[in-house]
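Here is the structure we will look at, set down as structure tokens.
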Amino acid sequence: MTDYDVLLVGGGHNGLVCAAYLARAGKKVLVLEANEPLGGAAASREFAPGYTVSSCAHWLTHLSPVVSKDLDLERHGLQLAARDLDSIGLAPDGQHVTVTGNTVQGAGLSPEDMQAYTEFHRKTIKFSKLLAKAFAVRPPKLVESNFTDRVNLLKLGLGMKMLGREDMSDLLRLALINMYDVMEENFDNETLKALLSFDGVLGAHMGPRSPNTVFGYLYRRVGDVHGYNGPAVVKGGMGALGTAVADAARAAGVEIRTGSPVEKINLQDSRAVGVTLVGGEVIAAPLVVSNADPVTTFEKLVGYRNIETGMVRRVSQIRMRSGVAKLHLALDGLPQFKGLDNTQLGQRLVIAPSMDYIERAFNSAKYGESSALPALDISIASVHDSSLAPAGKHVMSVIVQFAPYDLREGWESHKEQFTQRVIDTISAYAPGFSSQVVASELLTPVDLEREFHMKGGHWHHGEISLDQVMMMRPFPGATQYGTAVDGLYLCGAGSHPGGGVMGLAGRNAAQEIIKRGAQA
Amino acid sequence: MSNTHREQSDVMMLESPFHSRVKAANELNEWDCWAGYTTPTKYFDVELEYFAVRSTTGVFDLSPMNKYSITGPDAQAYLDRVMTRNISKINVDRVGYSVWCDDAGQVMDDGTIFRLAENEYRLCAYARAMDWLSWCAMGFDVNIEDVSDQVAALAVQGPTSCSCLKAMGLEGIENLKPFGIAHFDFDGEDLMVSRTGFTGDLGYELWITPHKAEAMWDALFSAGESYMIKPIGSLALELTRIETGFLQAGVDFVPAQDAVRLGRSRSPFELGLGWLVDMNKPVFNGKQALLREQREGSRYRFVILDVDGNKPAHNSFIYQGKGKVGTVTSAAWCPTAKSNVAFAQIEMPYGEVGDDLVAEIYYERELHWTRVMAPCKVIESAVFNPPRRRQTPAPAY
């Protein structure tokens, strides 16, 4: 006998969302989280006395409104300090480009480019709406599909057809190619092209010329479909979202144990029967749901030797080496960027002045080096939320690309130099910036892996690319949250639809588990 | 890896370490290709070579066989995950036969596993397997090495084989049990002998370092002269293995990794090898799929047919009444058992032991083709299985 119906390994936001839905369906759920804070990559940390940042994801761009409403996250404390922010592509000459929803402005922009952007936005949102529909349900299986799968496939096909002949053929063409070509085809302004193409490679081990980057861009735009007309900032940092989801889960009846790392998932006759915690405590349950990424789940928790080789082969081949670092800076005042006034400092600032700049930054990562001139996504959340820094001070959070997971020289000896390089890069746009930095913290992919238990430090738990999405995510044979190990489910970003603080992987997994009922 | 015998040759085909001796003995100069090696189909006469195995001793060069060394603390656990059978039941100095499957429960190959020491195994396989064996090693502390070129091997098979080896100086060889392994000194090198073979007769396989191969051949043939020792080619071996009911990978089934068309591979159950599958093991490749097959039923059944008449049922369709229910994969007139044997894959649920079926046989005499519809019966086991194959001490003929 066992006290729980479901053990949830990992209290990341998807795990908590999954747990909450399961508890609402009457299951007795225990969440086991290795860290103290809950929410996984939706986390905040005080990296220097008085200075707090979102330690992994720093913009809220994707959170599913359905999840938010179902779990009543606002009642559980989720507040946005700002939303629908602009994305500003910084140009060295101060001729910045500002994207606000479906419009773009900037001194150097031609009317044609402005119009082209609005049209480009219309079309991409149309495509992303289609994706958003597919994201809200389990991915169909291609072989052995049942009625539900066929209906979902049919809907997807019908949705594509409904785009109209021109847009449909455009989607089929665009989805497979790269941002560089699409940008060249649509726009003249280099800063605009770079700003948009950076969205296509954000978080990925890809440059603008890599295939799949248009898909990456459409993936970002699903956030718009979810109601985010630009990035949002969570009050208290992203960790507050983690806390809200945890509170919602508790309110639904979920039991949560933090500081309880799982050592392994126990199997009996190839069926998951519970877990063993680090320290030896054994907890039994008929169902185990892993919020960990698929590689961590099968390599570390289940053990490759306990599953069949074909599956090991698939798991081990998932591409999930991150090229992204996070830099946190404590500032003794607001920085002064050339060509930006203070009201613009709370927007999303992007340093990626040209597509070639990003591509060159990526080239380094390909060869195990960090970028000489990294591309940056900057958030100064303290502009919107004074609780994050002491009065008059500010915190800056920077997504830095590219910083390869497997840096050839190793990260320990390189961290200081790389931190300085990022600060210098920003200084070129904000004179005197480096003297404002009073404390810093660099989280390399290796640190992110250790901190958040994400293999390869990959914030999506596996690259978002056409070979690893939908019915291929995380790998064929485990696409509908269930796995070849009976009683073991996946509910993290490694599963469909993927990462970003969205919550749909957790929700879809819960729905699948509930649907399978006793058969699960 | 030792490539000495390869370097001696500038021809396209590889040569076995015994090549100089094989070539000298090959009166008909008829060759085939086996795993990239030039290999004799027959030396002087297929029937006489066959009768050497059944009446005296036949020697077959099996050096081209793929051999993999599997060592390390996890060697047994590793093999237990790869193989369908329980590896822990194979003791040191014993040999086990097994098949291995992919995740779909389809047979990739069959082979013999030699346990050389506590954590040391050697796998002999029909197909190249390094790629798959390496994939299987993830998560195990195990070292896998292709030692195909490092071991020369001869099969010494037939009633007088034990006498031949004794005459060669292998003291006490008669006490070696079937599937046992013994070691002897040969000219300062280790000569490993296993009581194994592909003929279903009393017989042994000799394993030695390649640079002693020719010397061993000479010693064996000189010691065996009075026991009527003869070299045999692949065609005679083929007759013996059909007579004794052994499957041949690539002939009686398509290795799963080679099958291009959906549904052309076979599970162990469909090959009559269910006895090699140990469902009590917590995990092995193919287990999930094989459990499903046990629940849902197999598609095919492997049968041995006793066919009327003396025309081998090569490539025949098999009928039950008017319906076509299967095809023949191997067929031969078996001289010692004096029966016309065929292996066939029959669609379920047909082909139970005792069932009467019909083989559609085509044969040609001087450009004249004849078709016979030969009645045949599904028999329970192979037609040749002499007591001497199992007796220990081995009988001295």
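By the 4.0 Å N-to-carboxylate-O rule, B:Arg115 lies too far from B:Glu120 to be salt-bridged with it. Taking a cutoff of 4.0 Å between a charged side-chain nitrogen and a carboxylate oxygen, A:Lys455 and A:Glu299 qualify as a salt bridge. The pair B:Lys67-B:Asp146 does not count as a salt bridge, with every side-chain nitrogen at least 4.0 angstrom from each carboxylate oxygen.
B:Asp74 touches chain A through its side chain: at least one heavy atom from C-beta onward sits under 4.5 Å away, while N, CA, C and O do not. Residue B:Lys281 does not touch chain A at all, counting heavy-atom pairs closer than 4.5 Å. For chain A, the nearby part of B:Phe284 is the backbone; its heavy atoms alone come within less than 4.5 Å.
When each of A:Leu490, A:Ile464, A:Asp467 is paired with A:Arg473, the side-chain contact (heavy atoms from CB on, under 4.5 Å) condition holds for A:Ile464 and for no other.
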